[in-house]
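We count residues from 1, following the sequence as given. Just follow the structure's listing: the first ligand is 1, and inside any ligand the first atom is 1. What you see below is based on every heavy atom in this structure, not just the backbone, and it leaves out hydrogens, waters and symmetry mates.
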Amino acid sequence: MSSATNGSSKSAATHKIKFTKLFINGEFVDSVSGNTFEAINPATEQVLATVAEGREEDVDLAVKAAREAFDNGPWPRLSGEARRKVLLKFADLIEENADEFASLEVMNGGKLFGPVKNFEVPIASETFRYFAGAADKVRGATLKMSKNIQAYTLREPIGVVGHITAWNSPAYMFATKVAPALAAGCTMVIKPAEHTPLTVLIFAHLSKLAGVPDGVINVVNGFGKTAGAAVSSHMDIDAVTFTGSTEVGRLVMQAAAMSNLKPVYLGLSGKSPFIVFDDADIHKAVELATIGNLTNKGEMCVAGSRIFVQEGIHNVFVEKLTAMVKGWPKGDLFDLATRHGPQNNKKQYEKVLSYIEHGKKEGATLVTGGKPFGDKGYYIEPTLFTNVTDDMTIAKNEIFGPVISVLKFKTVKEVIKRANATKYGLVSGVMTKNIDIANTVSRSIRAGAVWINCYLAVDRDAPHGGYKMSGFGREQGLEALEHYLQVKTVATPIYDSPWL
Ligand code: NAD
């Protein structure tokens, strides 16, 4: 294992940060106040860049630009074909800049170069291509009215959209929100998470090269209570999409309700069950349980963080899982063999460590990990708890870090009940060779996705979103377009028609 201290040394030596300002009306600009904040490298705890800090007045300027671009600019009025061409060019540019995106996400997010370059960036560019293909297929219906009236529906762009995002996968999140909004003909203001302000600025720069007109995409970096709150409460933003915690999602919804009643889409927290039955392929189950919890150092809304294992294979499963978690490769974040990195930020690092303390205090068995490592950076050892019970804090709350909890169960009926005994409902996993069990469980779990004998099966054509307090609305899939469109019915009378 190489030392954690050199986690992103290569990046610091070779990568220059190009964009640190706000992006409003097609230009990189300072904030009105001139205020800035620091972007930190979580592997070194060093300041990576000083970034313009937007507040209410900057959000206001960005909304004015987006409003003008929507009300009077070309973008909403372009044919679907013309928008498709721009989205396809944008996708190509994203792909061409994969190294740059991956380097930035290593340095600013503690992510791994290989997975970002080979997985998240291609998902981002393919998401643009997917919605490029939808841009010229937005169409309405012809209605059969009861009176002598004919009518049809128009599906029109909803207007100016506010996007507020979390920090765990900035490139992926940009694409899942911006590509469908662009395809629909919307204009937008993006408020990225304060911990990862840099990636979105590269996207903003590329948007101009792709031919997105000025004012269509605006980026206001800043903090949640100021810039974020200004987006969700703005009277001239027509819809808000939010990805983040359930607690803040509630605030966003409240602000939207108390301002102009704008619709909101919420992609929120999760505490997803991963259920392993006695007949499962145990090697596959162990591998998926590990990947489903330790990928991106556990900073995944879809982490399968409650692993229910049937009693017949429980002990063997734990033995194999322990070996895999202990061997999870640490090292330089640019090394393709490395699988583990630092937590994204200090607050998250401290939160994860405090959950580990809860686990220990409340009587779960700490099998491996459980402490920080390295002499700098927010590194926490991959951690495995067994003998976890449903009432423990680590079984109830989202940890959002490299902490795995194993719970034992006996019957199908019991595990369905326990898997559903959570306020969340984002995704779930089921490992079994028995089709009847797979069918029963997938219809009984209250979650936005059920992954049978696989995990992290996220795809641009698969709608992603939550049940219960994991949010509502869907990203990815054609369903995502619906957040950015509204339906208008157009009716005209028909006189003297022989068909009526
Ligand atoms: P967070 O809720 O703290 O912050 C999310 C965003 O909201 C940030 O941009 C933040 O600045 C902004 N914000 C904070 N206060 C605000 C306010 N009062 N008004 C408006 N905006 C405000 O979440 P986080 O810590 O950045 O992200 C982690 C969470 O995101 C986890 O719970 C994770 O499960 C969730 N998440 C969900 C999905 C999904 O698809 N469901 C995907 C990724 C992450």
Side-chain angles (χ1 to χ4, degrees), residues 37 51 53-56 59 109 120 123 162-177 189-197 199-200 219-234 237 240-259 262 264-272 295-305 343-352 355 397-401 422-427 447-449 456 458 462-477 480 483:
F37 66 104
V51 180
E53 186 207 332
R55 295 190 179 175
E56 200 174 350
V59 169
E120 293 193 35
I123 288 187
H163 297 298
I164 304 173
T165 59
W167 39 258
N168 57 321
S169 292
Y172 169 83
M173 243 169 259
F174 178 91
T176 55
K177 290 182 185 304
V189 176
I190 304 153
K191 206 302 276 173
E194 52 270 42
H195 304 293
T196 49
T199 311
V200 175
V219 179
V220 180
N221 272 307
F223 294 91
K225 284 188 179 149
T226 47
V231 168
S232 44
S233 63
H234 205 288
I237 288 185
V240 168
T241 78
F242 171 82
T243 301
S245 62
T246 295
E247 296 71 31
V248 176
R250 181 180 273 125
L251 296 178
V252 168
M253 198 167 168
Q254 218 166 28
M258 298 309 287
S259 51
K262 58 179 79 62
V264 295
Y265 154 75
L266 301 178
L268 308 177
S269 319
K271 190 73 192 172
S272 300
T295 298
N296 204 33
K297 5 61 189 232
E299 291 170 351
M300 289 182 291
C301 57
V302 293
S305 51
Q343 303 316 127
N344 177 285
N345 57 76
K346 191 161 188 241
K347 189 171 155 209
Q348 188 59 26
Y349 168 78
E350 286 166 355
K351 187 170 154 191
V352 174
Y355 275 122
N397 292 4
E398 183 189 54
I399 299 174
F400 220 56
T422 165
K423 61 185 176 184
Y424 300 118
L426 195 53
V427 300
L456 302 182
V458 175
H464 167 73
Y467 278 30
K468 301 196 275 183
M469 289 175 77
S470 288
F472 49 80
R474 293 292 177 267
E475 289 192 317
Q476 302 283 30
H483 303 305

Open item on the list: Can you report which non-hydrogen protein atom sits closest to atom 10 (C) of ligand 1, along with the distance?
Closed with: Glu194 OE1, 3.5 Å
TODO: Quick one: look up the protein heavy atom nearest atom 44 (C) of ligand 1 and list residue, atom name and how far away it is.
DONE: Asn168 OD1, 3.5 Å
Among [options], closest by any non-hydrogen atom to [atom]:
{"atom": "atom 19 (N) of ligand 1", "options": "Ser272, Ala227, Ala229", "answer": "Ala229"}
{"atom": "atom 14 (C) of ligand 1", "options": "Ser245, Gly224, Gly267", "answer": "Gly224"}
{"atom": "atom 15 (N) of ligand 1", "options": "Val248, Leu268, Val231, Leu426", "answer": "Val248"}
{"atom": "atom 5 (C) of ligand 1", "options": "Asn345, Ile164, Leu251, Thr243", "answer": "Thr243"}
{"atom": "atom 35 (C) of ligand 1", "options": "Gly244, Ala166, Ser169, Gly466", "answer": "Gly244"}
{"atom": "atom 26 (O) of ligand 1", "options": "Trp167, Phe223, Phe400", "answer": "Trp167"}

- [ ] Using a 4.0 Å heavy-atom threshold (strictly under), name the region of Glu247 that reaches ligand 1: side chain, backbone, both or neither.
- [x] neither
- [ ] Please confirm whether the backbone N or O of Gly162 pairs with a side-chain atom of Lys191, one donor and one acceptor, at under 3.5 Å?
- [x] no
For [X], counting its heavy atoms only, list the atoms of ligand 1 lying under 4.0 Å from any of them.
{"X": "Gly228", "answer": "19 (N), 20 (C), 21 (N)"}
{"X": "Glu398", "answer": "31 (C), 32 (O), 33 (C), 34 (O)"}
{"X": "Val252", "answer": "20 (C)"}
{"X": "Met173", "answer": "43 (C)"}
{"X": "Phe242", "answer": "2 (O), 5 (C), 6 (C), 7 (O)"}
{"X": "His464", "answer": "39 (C), 40 (O)"}

Task: Nitrogen or oxygen atoms of Lys191 and ligand 1 under 3.5 Å apart - done: yes
